[in-house]
Every structure is written in structure tokens, then in C-alpha cells.
Amino acid sequence: MKRFFALFLTLVLAIGVLAACGPQNNQSSSNSNEGSSSEGDDANKPEKLVVWEDTDKGIALEPAIASFEEEYGIKVEFKELGMADKIREQIRLDGPAGTGPDVITLPHDQIGQAAVEGLISPIEVEQSVVDTFTESSIQAQNYEGKLYGLPKATETPVFVYNKELMDKAPETMDEVYDFSKEYTKDKNYGFLALWDNFYFANSVLAGYGGYVFERTDEGLDPQNLGLNNEGAVEGTQYIQKWYEEDLFPKGLIGENGGSTMDGLFNEGKAASVMTGPWSFQGYKDAGIDIGVAPMPKLPNGENFQTFIGVKGWHVSNFSENKEWATKLVEWISNAENAKIRYEKTGEIPPVKSLIEDPIIADNEAANAVAVQSSYGVPMPNIPEMAEVWEPAASALQLVATGKQEPKAALDEATKTIKSQIEQNHSN
């Protein structure tokens, strides 16, 4: 019996020793793994990241790069590559060759095609980062339910007026119409807009309830077009009125419409126009004292739903350092660096906190673009949008020249668009 008890006691003590050693060994193993993970992160840290930026915009990138390098010890180089089309063309060549960038900038309407081609990669960031930006600008960076970048700058058409010819910006288009009826004579015009151009005209159609593609939880549905629904027809009828009543000159149609409009405004023969930030400096250089405001409300009481263009930062799908590239995208688009970009380039960041910052809130032009952007809709970024522009413009020009009524023109355009989508984008 004593012998059995001794054996039992020995076994219990052995188990106790093993149990005592177990957690200690596990903890030691855990600490070892933590050290390996940390060392692994350092080992995976690249020596260099490369960014492709727009021409003449690197000046705004330099401060962000300097602070990123100081924070993380990673060298960042940037290259100015011209227009967005050039960037996309070049990454097709340099990406597969291993000589491409880690981060690129693109206008959001190119995201869908770039994603389909495998040129850019979806990114994952904390919700707190996403919440930094306006909803519409983040929406513009999404394609098929995935986030493909973070916003850099936004632009949209606004109301620009000559302060010598118009005391202040009207609050409604009814006021603009009444002013134009009185002012338009002797080749002088009260208000001009390129409403035979779908980029500008869609804001009217959408304000009345039209839409290009239906937006669903999964993204835009290219099979559901709203370009000839009741609202779109009503909006086109409103556009038709301006042409029928000769409130717009005959030359304000087609490819030369933009130069015609700018010429009249620069000569002081147009009191107000619908245009975007790209025109501001040219008007100032012509000696025009411009005022800038959000678009006046439509006759139905709704806001113009202008197309919003959002440039963003994106991670190259060919990058071998996607996690660090994503961290760089977060860094250069944060509120501090977005403010620096605005100060150096005038590009308006869709960062919520900056819209209320005096630097933008107290700047008439910047504030107008920011406010109007809050009413707008992101220009569709799916590849099927390529089939919309020409048929929609043709329909608007037929209406503007009195050759076709709005419903018939929009029905025909919608039929053409659907046919081209089926032909060019069917799986």
C-alpha cells in the first residue's frame, strides 16, 4: 500500500512540474513569436516606394513624402507623368516588367476599367479612415463593392458670373431665366451652359429624377438605365426651352461650344455661365471679376445633381509592397496633407473637416465647388459608361437644334446604349 502511494505521489508531482513548465514555455514561445513578427515586419519593409503623380502637382506631394519618410524610414520617389491616360498606358507596360510604381493617381471614372485590366488593387483601411472623406467621394472610389483608393481632389461644375453684369448669384434658375429673358439681346446673354454636352446636361436630368445607371448595394447596374424615364424627359424639356427661346446662341452646340461660351464670357457678353474650376484662371486672366456659387435650384426646387470628378490615390496591382503602399496612400491623403495640397495646387480635397475649415469655407470659389459637390453624383466609373457619352450627346443635340422631341430622342439614345453595352460588355 505504501509502495502504491509513493508511486501515486511521484506521478502527481511529475504532472505538477509539467503543468508549471507548460505555461512558462508557451509564454516564452509567444514572446518569441512576437519578436519574430516584429522583426518580420521590419524585414518586409521596403527600402523604397514609387508614386506616379500628375504634371505640376509634385510640389504638393513633397511635404507628405518628407513626413512619411521621417515616420517610417522608407524612401519615397515620385514621378510626374502627365495626363491620367498616360499614367494608365504606362503602367500597362512598366507594371508587368517590374519597373512600375507602387502608387498611382487616376480620375475615378477610370477605376472600373483599370480594375478590370488588373492594373490596380483593392485596398483595406480602417472605417475611421473612410469616414474622413465625403460619402460621394468614397462612393466614387468603389467598384463592384470594393474600395480601390482614397480621394485626392474633387471638381464639379458651378455657377460663375461676371460681378460687373450681375450683382449676386441668383438662388433659383427661375431668377436666372427671368434675368436672361430681359438681358439677352444685341448678342449679349444672361446665362450660358453646354447642355448639348451630357457631362453638363445630366445634372439637369438627374435633378428631375433621371439617372444613368441604377445604383444598388453591389454598385451600378448597367442593365438598368434611367436616361429616358419621366424625370429625364422633363429635365430635357427644360433644357429645350433655353434653345427654343434663343437664350443660347446657335454656336453653343457641338465641339466648339466650349470655346464659344468662354469667348463670350471673356468679352463681357455673357453675364453668367455653368462651368468648372478649370475655367476660373482663364476668366481672371481675361480681366473678368468673377463670382462663384453653387448652381441655383432648378424650377422643381431640387439641386442640380452635377457629375463629380474625384481624383484618387491607388495601389498598383503589380506592387510587391501593397500593405506599405496602402499605408502611403492613407498618409498622403490624410487631412493634414490634403490641406497642404489645397494650399499649393488649389485642388479641393473632399475631406469633411476641411470643407468647414476657413481655408476653404472663406474662399468663395472653393466653397462653391465643395457645396455643389455635396449635391452631385460621382460620374459612373464602370466600363459600360463609355457607351453612354456619344448617344446621349446626339440626343441632346437633336433636341437643341429642334430636330427631335425629348422623349423620342432619349428613347433612341437609350436603345443604342443598351445595344452597345450588350455588344461590347457581355460576359
Going by distance alone, is a donor N or O of one side chain under 3.5 Å from an acceptor N or O of the other, for [X] and [Y]?
X: Y177; Y: E182; value: no
X: N334; Y: E330; value: no
X: T416; Y: S419; value: no
X: D262; Y: Y283; value: yes
X: E117; Y: Q113; value: yes

Could you tell me whether a side-chain N or O of [X] sits under 3.5 Å from a main-chain N or O of [Y], the two making a donor and an acceptor?
X: E80; Y: D56; result: yes
X: D357; Y: I360; result: no
X: D102; Y: S319; result: no

Taking C-beta and beyond as the side chain, do [X] and [Y] meet within less than 4.5 Å on heavy atoms?
X: Q281; Y: D285; result: yes
X: I239; Y: L205; result: yes
X: Q305; Y: Y211; result: no

> Taking only residues two or more places apart in sequence or in another chain, which ones pass salt bridge (Lys or Arg N to Asp or Glu O under 4.0 Å) with D411?
Replying inline: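 Counting only residues at least two positions away or on another chain, D411 forms a salt bridge (Lys or Arg N to Asp or Glu O under 4.0 Å) with K407.
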>> Just to verify, which of F191, F179, Y183, Y189 counts as forming a side-chain contact (heavy atoms from CB on, under 4.5 Å) with S272?
In response: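 In the set F191, F179, Y183, Y189, the residue that makes a side-chain contact (heavy atoms from CB on, under 4.5 Å) with S272 is F191.
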> Of F200, F248, Y243, which is the lone residue that meets ring pair (Phe, Tyr, Trp, His ring centres under 6.0 Å) with W195?
Replying inline: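 So, applying the ring pair (Phe, Tyr, Trp, His ring centres under 6.0 Å) to W195 and each of F200, F248, Y243, only F248 qualifies.
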Please check if atom [atom1] in [X] has more than 12 non-hydrogen atoms from other residues, nucleotides or ligands closer than 6.0 Å.
X: E214; atom1: CD; answer: yes
X: E364; atom1: CD; answer: yes
X: K57; atom1: NZ; answer: yes
X: E343; atom1: CD; answer: yes

N/O donor to acceptor pairs below 3.5 angstrom from side-chain atoms of residues 151-160, sequence neighbours left out:
unit_1, atom_1, unit_2, atom_2, d
K152, NZ, E53, OE1, 2.7
K152, NZ, D54, OD2, 3.1
K152, NZ, T105, OG1, 3.2
T154, OG1, G309, O, 3.4
T156, OG1, T306, OG1, 2.8
T156, OG1, F307, O, 2.7

Partners of [X] by side-chain hydrogen bond (donor to acceptor under 3.5 Å, both in side chains), sequence neighbours excluded?
X: N424; value: E387
X: T172; value: E175
X: T184; value: none

> Can you tell me how far CG of N337 sits from OG of S67, rounded to the nearest 0.5 angstrom?
Replying inline: 5.0 Å
>> How long is the straight-line distance from CG of L61 back to CH2 of W52, given to the nearest 0.5 Å?
In response: 14.5 Å
> Relative to the ring of W324, is the ring of F68 parallel (under 30°), tilted (30 to 60°) or perpendicular (over 60°)?
Replying inline: perpendicular
> Do E245 and K181 meet the salt-bridge criterion of a basic N to acidic O distance under 4.0 Å?
Replying inline: yes
>> salt bridge (charged side-chain N to carboxylate O under 4.0 Å, His left out) for K163 and D167? Distances and angles first, verdict last.
In response: CA-CA 6 Å; K163 289 184 176 180; D167 293 337; over 6 Å; no
>> Run K297 and E302 through salt bridge (charged side-chain N to carboxylate O under 4.0 Å, His left out) and show every step you take.
In response: CA-CA 6 Å; K297 287 191 176 183; E302 298 295 328; over 6 Å; no
Table please: side-chain donor-acceptor pairs of residues 374-382 below 3.5 Å, with sequence neighbours left out.
unit_1, atom_1, unit_2, atom_2, d
S374, OG, V371, O, 2.4
N381, ND2, A140, O, 3.1
N381, ND2, N142, O, 2.8

